[in-house]
Structure formats: C-alpha cells, structure tokens
2 protein chains.
Amino acid sequence: MPIALQRERFVSTMKEQAEIGGTADGGLHRLTLSDDDKEIRDWFMEQMTAADLSVRVDEFGNMFGRRAGTDPDAKPVLVGSHLDSQPYGGIYDGALGVIAALELIRTLNDNEIETEHPIEIVNWTNEEGSRFQPAMQGSGVWAGAHDLEEEYAKTDVDGTVFKDELERIGYKGDEPCEPPEEYEAYLELHVEQGPYLEENGKDVGVVTGIVGFTWGAITFYGEADHSGPTPMHYRQDALVAAADVITQIRRIPSTLGERTVGTTGYIDAKPNSINIIPEEVTFTWGFRDPSDDVIDEARRRVLEEAEWAAEREGLEWEYEDRMRAPAVEFAEGCVDAVQTAADELGYDSMQIFSGAGHDATHMHSICDTGMVFAVSENGKSHNESEYTSWDDCYAAASTLANAAVDLAGGAQ
Amino acid sequence: MPIALQRERFVSTMKEQAEIGGTADGGLHRLTLSDDDKEIRDWFMEQMTAADLSVRVDEFGNMFGRRAGTDPDAKPVLVGSHLDSQPYGGIYDGALGVIAALELIRTLNDNEIETEHPIEIVNWTNEEGSRFQPAMQGSGVWAGAHDLEEEYAKTDVDGTVFKDELERIGYKGDEPCEPPEEYEAYLELHVEQGPYLEENGKDVGVVTGIVGFTWGAITFYGEADHSGPTPMHYRQDALVAAADVITQIRRIPSTLGERTVGTTGYIDAKPNSINIIPEEVTFTWGFRDPSDDVIDEARRRVLEEAEWAAEREGLEWEYEDRMRAPAVEFAEGCVDAVQTAADELGYDSMQIFSGAGHDATHMHSICDTGMVFAVSENGKSHNESEYTSWDDCYAAASTLANAAVDLAGGAQ
C-alpha cells in the first residue's frame, strides 16, 4: 500500500517557507547566501531537527539530514532540491522538492515506517546561479564537477566573495564537500518549468533525463562611423551581422528536432548611439536538446552562420564556448520507481525529458538518479507568476515519496 | 582676381587650435562648455580682437566677430562653423570652418580689401551634441528652432546644467540669442565626413543641400521565460523580432535610392541574461536621403516590418518618432558662388549633398545658405583618425573665402 502524505501539513509547510523572502506579488526573492537564505536555512534546520534527523552541513553550505535504515550496510537514498530562488522567482522552484522530501520523513516518522536503506534529505547551496555563477554550484562541488577553492572565490556583482558570505551567514560547515560514502540513488522533485504536462493533461511527470546544452558568445568587430555620410557599401556594421545570426538562432531548432530550443538571451552593442554605426557587438547562443549530436550540430550551424554574416559585412569575429553540458539519461531503476509510484497512486503520468538543468544533473555522476516533475501552469518559471496547484504539488510529492521508499527497500 | 589665403599662417593656425584639447592620438577632446572649450573660446576671442573685428557673444555663447562693409545698409554675410568636438573626434570637424573664416578676415585686412556687405564670422555653441543634446544646439536656438530656456535646462550625464556651465566658463553673453538684423547669406566650410570627394578624385565639394532624416525607436514587448524548457512555439521573443527588423533596416536603403542610408545604432534588451528569453527590446532606426519622399517611405517600411515581426512572434509593440529633419536644398545664389569660386581657383569640384547635419541646416531658415566640403580621407569622422590633407584644407578654405567675398559684393 502506498504511503500517504498529510496534505494539510504539506501545504501549510509550503506556505510557511514561502513567507521567508516572499515578495508582494506572491513570488520569492531569496538569493543564495543572503539574509533571507540564512533565515530559510535556520528554519529548515529546525524542521530537520524536529524530525529527528541526523544533520550535517558541509563546508560549501549543503545541508543534509539523515534518517537511519534497518540495514547498517545499506547505502543511503538521497532526496532533495534547493531553497534558494531567482531574484524574482516563484515559490515552487526548488522549495517544492525540499519540502516534499521533508514531508516524506515526517510521514515515515508518523507511521513508524522503517526502510532498509537510510533516507537522507538535502538542500543544495546555490542552485539558481543568479547571484554567484554557475548554477547548480553546491551539487556541482559535492559531485566533483567544480573545484571547491575556485567556487569559494566567486564574487557577486558587488564584488562580495562567496566564501565570506557563506561564513557570514554561518553555513560554512565542518564536513568535507563530497559524498561521505556511496549512495544508492538520488531523487529530486521539481516543477517542470515547461508546458508539456499541462498541454497533455497529465498529473505528474516521470523524468527520463535532462537535455544537454551548449552556451557561447559571438563578438563581431566592425567600424564605428557617422551614420549619415557613410554610404551603405562602406559600412562594416557589427549589429547587422549579429541580427542576421540571431534570426538564424530562432530558425535552427526547427530544422533539427522537436525538442530542440535555441535562444539569444544577451546582446551588447558599442558605442550604442543612435547616430553611430555599431562597432562591436557581443551576443550569446544557447541550444538544448536531449541528443548530444543535435546540440553539437546546432553549435556548428550557428558558427557557420556567424562566418557568413561576418563575410557579408566585412567584419572580424571571434567566439567563446561558455558551457557544454551533456544530455543526461536517468537510470532505469529510478525511472521505473517513479513510474511505478505514479501508477500505484493512480496518477495520469507521462515520461518526459527535462528542458532545464537541475542538481540531478551532477548527481547523475555519483549514483543512479531520477526526477519527478510537477505541472507548471502555462509553463512559466523564473518569474513571480510561476504557479502549480496544490493538487499538482501533492501528486508530485506523493510520487516522490513512494518512489524514494521503494528505492530504499520498501516500507517495513 | 581671386583672393589668396596665406597658406603657412592658415596651416599653423589650424595646428595651434588643435593643441587645445588635443589627444595623444592626434585627435580632439574638446567637449562643449568644458574647460577646453573655454580655452579655445578665449583663444578665438583673442584672434578676433587681433583681427580688429567687432565682437559679440550672445546669451547662448555663440561668438560673432564683424568686419564692416562699405555700404551701411547692406546685410552681413555670415561665415563660420563650430570649435567644439566629439569626445574623441578629429581636429578638422568644425574647427576647419572657423579657422578658414578667420583666415578670410585676416587676408582681407592684410590686403586692405573692402566689401560692400559686412562679413561676420561665427563660432556656434555645441554643434556636436555629445555632451548636451541636441546637436546643432547654438545655431538652432539662434534660428528659433529651439526654445532658449528649454535648452538652458539641458543636463549632461553627470546632471550638470547647461546654463550653469555656460556661466561657469564665462560665455553667457549679453546679446539676445537671435539674429540682430537680416542676413545676406550664410556660408560654412566643413569636412565631408563621407568618401565621395575622395572616391571621385575631387579637390573640393560644392554642397547643394543637406539630406533629411528620420530617427525613431521601436520597442517590442514579449515574455521573459526560461530558455530551456520553453518550446520554440511558446515563445514571444522580443529580440528575435528586433533582429528581423534590424536586418530589414540594412536592406531597405538598397530598394529606395543611391544615397539612402539606414542604421540601427542603439539596442537595449531586458533582462539581458543568457538563460532568459528577452522580454523587452528597444532599438532605433535612422534613415537619411536627399528626398523627403524617400525618407517618409523608409519610415513607413520600417514600421511595416515591425508590424510583421511583432505578428510573427506574437508581441505587443510601439514606436516613438524621435526626430524628422527635412531635406534642405541650398539657395542657388550660394551654390553658384561656391561653384564659381572653385572654378576660378582651378579646383576640380563636384556638387554633392551633405549626408550629415550641420549648423547650416538651421541657418537655411534665416537666409540664403551654402556650404563648401573639404575631402575626408576614407570618409572617416567622429574619430581621432579623421584626416584631411593641408592641400585639401587650403583648397576648401580658399573656395569658401572667395565665395564669401563674392556674396559680400566682391572685393573693392
């Protein structure tokens, strides 16, 4: 029989966390290592302690709470997400996965259910990457993808150093930032942040993997000149070439795959004056797809387009690769556990690839990993208008809880 | 017989002025109403006094020096340009026209040549518009195109008020900023800032008018969303639409006229983050042509393109007209005087439309107006690499001088 979360307590806990760093418009402003982050961490520490968890904080601020299993040799199942938010994000992104993990522990306690494997819950430091880059920083250091000292030295726009802020809020713990032992599995619940579950009328998403992506920047170098007396055929206009490539970044995905997306999110033009031909323009590309071959092909095409655009305008140009995350396919065992849980709970589910990166991206290199998606209305996220109904939150949390118990050897 | 300027004195005076606000790379940093502007004004005042001119400074800082004519009822011929520069401009833009006017006066004095009409030379305040907008400000107020008090209240990027700076450098004069009487004609020598004279192997340009222009800005309103999980067909990407229109702004001129130019000089994207679909993008258009019909058609087409681009991306949009300067055709008498002077001096000339605005734009509404162009090597200007050979400077200055004397009733 599936275990049943207490819906009322779960919803009120979600509302309680949303008050810390809550905005007037119903969103969250809870930037990593801010005073609000300290407050939500203090609150989460209290909840873990109240749930009799054995708590650890590592030297990067990642917070763990473990509930022992019956078999002293069994590897723990890790469940969690993040409590930090975008500058003006929603109340579900990240927090839903942490609160669901906490509610799982409370439910096991209430019903005195034991599991063979320990179950550990986690709040990862700085998933969002808004204040300090990169995103998924805490899980990345923990999983060995980033160097601890390099990440300590990162600064925000005001020049504040990551490590200083971590110490200031009192969350530079004593544990090394690395797995203390082998793990059985990692499970994460997150809002979809896309429209597919809602579009297909589903209750919950069984995530089969995470799209990979390529990020980079192209700079065109033209020549600044007076926009009046300079004939068109004398011009070397860096912005025209950038515009050419940006329209292609909109077009390339439609030639590659159903799930391919491409975006220019950033552009900077110099000298940026109405009356001067733009001399230097930098802009970014970003492509995502479940297939690494498609991602590499999209990158190849955008660079080809840049070469052609530079030739047309007579420009010098260069590019910089900024990130290349491989596509991740989740372990069959984890996907099956999530699918089985959804089925047993009677939820209408679909298997889906995640279009965004999550802490699960890094955990994939440590142990078998899986994810549950909750419905995002209108696919909105990173925005105060992000919304998931309590029904959908509960469905996803219940699926997560049962899948976790399953992976931990079942309820005993 | 044409009057002959003293080449050596003319060149050394050009070099002397270039030392005030001169940059290490041989350009000028002589922003309007700066300490350097005060210094060049003090220097120019000395030169005018030394040339026995009757000097006036008006309440907007425009500086005039008059040499009497033989007929007390004859209207004066005004000759000049501006001594302020772009932040990193060349040593010819503006200054060449003022120094040529000064050298004309000195030559008349040296040779005791009298003219029927008075000849007045002028240094207009703030032609460049780099520090305080708009460009051609001093001549604009003088000609009644702008309101004095409104222009007094303008501020630079540091919030410094125009009127305060004018008083600080001691150039808020007592004369009203308006024509004290009717004028016979206005002549201005300026560097071409375009490549046509050099391309055609000419010594000097006989300017027949100034292109008109339309300036405006378009803003697209899309929706910010995560660039990963948002499918392409859900997107309302403001930057893609802007890019579409910018490529059209490059293309439209080629469908309209030989001299039509179109430029997007400015773009601003929000939130301008690699990982977020752009929500709001503002960018500018600028079109210039000798024909007002062509200018209006270019503006109509860019707005049509914006409408189509907005429809394709599902965006809201709006536009703002920022400026519409009609094309100016110079008076036949002035064009003839310049052409005749060039011919008599044996210079190979061509008639040409100015692609940039000049103080002559405003003077056109006050009296018959004409211009002389000096060759700009590679068409470069608003740039420290702006260059005109001394031969070309001298040819243009000599043409200006003889045309001015002609319009003033001839040498007596």
Side-chain angles (χ1 to χ4, degrees), chain A residues 129 135 192-196 211 213 215 217 224-232 234-235 237 239-240 242-247 249-250 253-254 259-269 271-278 281 283-284 286 288 322 354-357 376 379-383, chain B residues 129 135 192-196 211 213 215 217 223-232 234-235 237 239-240 242-247 249-250 253-254 259-269 271-278 281 284 286 288 322 354-357 376 379-383:
Chain A
E192 181 195 345
Q193 306 180 277
Y196 289 105
V211 296
F213 63 92
W215 280 356
D225 222 327
H226 193 306
S227 72
T230 309
M232 297 309 283
Y234 268 74
R235 297 177 176 218
D237 187 327
L239 182 55
V240 165
D244 260 3
V245 178
I246 291 166
T247 63
I249 288 173
R250 176 54 149 139
S254 69
R259 284 296 302 269
T260 322
V261 295
T263 312
T264 296
Y266 173 89
I267 187 166
D268 178 61
N272 218 27
S273 165
I274 191 169
N275 203 17
I276 302 183
I277 297 165
V281 176
F283 62 102
T284 56
R288 300 186 189 230
R322 294 224 177 139
S354 172
S376 287
K380 289 268 157 289
S381 71
H382 286 194
N383 192 308
Chain B
E192 181 195 346
Q193 305 180 277
Y196 289 104
V211 295
F213 63 93
W215 279 357
E223 194 136 9
D225 222 327
H226 192 306
S227 72
T230 310
M232 296 309 284
Y234 268 74
R235 297 179 176 216
D237 186 328
L239 183 55
V240 166
D244 259 3
V245 178
I246 291 167
T247 63
I249 288 173
R250 176 54 148 140
S254 69
R259 284 296 302 270
T260 322
V261 295
T263 312
T264 296
Y266 174 90
I267 186 165
D268 178 61
N272 218 27
S273 165
I274 190 170
N275 203 17
I276 303 182
I277 297 165
V281 176
T284 56
R288 301 186 189 230
R322 294 225 176 136
S354 172
S376 287
K380 289 268 156 292
S381 70
H382 287 194
N383 193 306

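All values below were derived from every heavy atom in this structure, side-chain atoms included, with hydrogens, water molecules and symmetry-related copies excluded. Chain identifiers are assigned alphabetically (A, B, ...) following the order of the sequence lines, protein sequences preceding nucleic acid strands; residue numbering begins at 1 within each chain.
- When heavy atoms are compared at a cutoff of 4.5 Å, B:Thr284 approaches chain A solely by way of its side chain, counted from C-beta outward.
- In this structure, the portions of B:Pro231 lying under 4.5 Å from any heavy atom of chain A include both its backbone and its side chain.
- In this structure, chain B has heavy atoms under 4.5 Å from both the backbone and the side chain of A:Ala356.
- Looking at B:Asn383, only its side chain comes within 4.5 Å of chain A, counting heavy atoms on both sides.
- Only the side chain of B:Glu223 comes within contact range of chain A, with at least one heavy atom under 4.5 Å from a heavy atom of that chain.
- Of the listed residues B:Gly194, B:Ala269, B:Ser273, the one with more heavy-atom pairs under 4.5 angstrom with chain A than any other is B:Ser273.
- Interface remark: B:Phe213 contributes no atoms to any contact with chain A (heavy atom separation under 4.5 Å).
- Ranked by heavy-atom pairs under 4.5 Å with chain A, the first of B:Pro229, B:Gly355, B:Gly129 is B:Pro229.
- For B:Ser376, no part lies under 4.5 angstrom from a heavy atom of chain A.
- Per-residue heavy-atom pair counts under 4.5 Å with chain A were compared for B:Ile246, B:Ile274, B:Thr247, and the maximum is reached by B:Ile274.
- Atom CG of B:Asn275 is separated from atom CZ of A:Arg288 by 5.0 Å, given to the nearest 0.5 angstrom.
- Interface remark: B:Thr264 contributes backbone and side-chain atoms alike to the contact with chain A (heavy atom separation under 4.5 Å).
- Your options are A:Gln193, A:Met232, A:His382, and the one with the most heavy-atom pairs under 4.5 Å with chain B is A:Met232.
- Heavy atoms of B:Arg235 lying under 4.5 Å from chain A belong to its backbone as well as its side chain.
- Using a 4.5 Å cut-off between heavy atoms, A:Ser254 makes no contact with chain B at all.
- Not one N or O on the side chain of B:Asp225 forms a donor-acceptor pair closer than 3.5 Å with the backbone of A:Lys380.
- In this structure, the portions of B:Val261 lying under 4.5 Å from any heavy atom of chain A include both its backbone and its side chain.
- The candidate with the highest count of non-hydrogen atom pairs below 4.5 Å against chain B, out of A:Pro195, A:Ser381, A:Ala242, is A:Pro195.
- The contact between A:Tyr196 and chain B is made entirely by side chain atoms (from C-beta outward), counting heavy-atom distances below 4.5 Å.
- For B:Arg250 (side chain) and A:Leu239 (main-chain N/O), no donor-acceptor pair under 3.5 Å exists by modelled atom type.
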